[in-house]
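Note: hydrogens, waters and symmetry copies are ignored here, and every other heavy atom, side chains too, is used. Positions are given from 1, in the same order as the sequence printed here. Keep in mind that what you see is a predicted model, and the values were worked out from it rather than measured.
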Amino acid sequence: MRARTHRGCRGDGMNGRQRGNGWESWNCGPRRGGAGLYRSRNAVFLGVCQGLANHFDISVFWLRFFTVLLVLFTGLWPGVFLYFMAAIIMRREPVVPVHSPSEREFYDSYARSRSLALGRLREKFERLERRIRRAEDIVTSSDFQWERRMRG
């Protein structure tokens with residue numbers, strides 16, 4: 001049975017319920033320690049509280065509770081304004097968890113400029129296509145066929 005690794009995380013929308021013989025896998029996305037602060041994709045409203053709870057490893061219930069208290073006691077305007085500003089400033093968390101610095105760098109560049117990130121992907125696939133063409137040229141050449149016949 002797998003244990004939950006992070007408070008406030010939900011996996012596959014089942015929120016800790018059992019599936020079959022074991023527990024479902026928990027996909028919590030980026031974690032603390034250089035992971036960055038992101039708005040959660042598993043959220044009630046814009047993902048700010050869930051993202052803060054994931055980043056600081058606290059219960060999302062208590063964070064939402066104190067957020068509601070903050071909005072009620074400071075007046076509707078400042079609390080709601082701060083919440084929306086946090087939603088604008090925080091980037092959405094990656095769909096697939098980031099495992100390496102190069103993946104984080106790509107995600108951050110994609111979050112800043114999609115056209116730049118797509119250009120980088122296009123260049124990478126063009127390099128791969130050139131390598132595949134070179135390999136095809138070698139394999140389909142008459143010299144390759146001749147050497148293969150001589151060895152076999």
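- Between W77 and F81, the ring-plane angle classifies as parallel under the 30° and 60° cut-offs.
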Distance-only criterion, 3.5 Å: show the donor-acceptor pairs between side-chain atoms of residues 127-135 and protein atoms not counting sequence neighbours.
residue : atom : partner : partner atom : Å
E129    : OE2  : R133    : NH2          : 2.8

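- For the residue pair S40 and G51, the shortest heavy atom distance occurs at CB-N, 3.7 Å.
- Between G75 and P78, the shortest heavy-atom distance links the atoms O-CD, 3.5 Å.
- When every heavy atom of L63 is checked against every heavy atom of A53, the shortest pair comes out as CD2-N, 3.7 Å.
- Atom CZ of residue R39 and atom CD1 of residue I89 lie 11.5 Å apart, to the nearest 0.5 angstrom.
- A chain of hydrophobic side-chain contacts below 4.5 Å, direct or via other Ile, Leu, Val, Met, Phe, Trp or Tyr residues, connects L118 to F125.
- Between Y83 and F45, the two ring planes are parallel [angle under 30°; tilted spans 30° to 60°].
- Note that CD of E123 is 7.0 Å distant from CD of E126, once rounded to the nearest 0.5 Å.
- Under a hydrophobic clustering in which Ile, Leu, Val, Met, Phe, Trp and Tyr are joined whenever their side-chain heavy atoms come within less than 4.5 Å, directly or via other members, L37 and F84 fall into the same cluster.
- Residue pairs meeting the salt bridge (charged side-chain N to carboxylate O under 4.0 Å, His left out) criterion with at least one partner in residues 138-147, sequence neighbours excluded, are E147-R151.
- Residues L52 and V80 share a hydrophobic cluster, clusters being chains of Ile/Leu/Val/Met/Phe/Trp/Tyr side chains in contact below 4.5 Å.
- The salt bridge (charged side-chain N to carboxylate O under 4.0 Å, His left out) contacts involving residues 77-87 comprise nothing, where partners must be two or more places apart or lie in separate chains.
- Side-chain atoms of V44 and R64, non-hydrogen and from C-beta on, do get closer than 4.5 Å to each other.
- Under the 4.5 Å side-chain heavy-atom criterion for ILVMFWY residues, no single connected hydrophobic cluster contains both F65 and V68.
- Residues I58 and F61 do not share a hydrophobic cluster, defined by chaining ILVMFWY side chains whose heavy atoms lie under 4.5 Å apart.
- Heavy atoms only, all atoms of each residue included: V60 and Q50 are closest at CG2-OE1, 3.5 Å.
- Checking side-chain atoms of R92 against main-chain N and O of Y38 turns up no donor-acceptor pair under 3.5 Å.
- The distance from atom CZ of F66 to atom OG of S59, rounded to the nearest 0.5 Å, is 10.0 Å.
- Closest approach of G79 and T74 over heavy atoms only: N-OG1, 4.0 Å.
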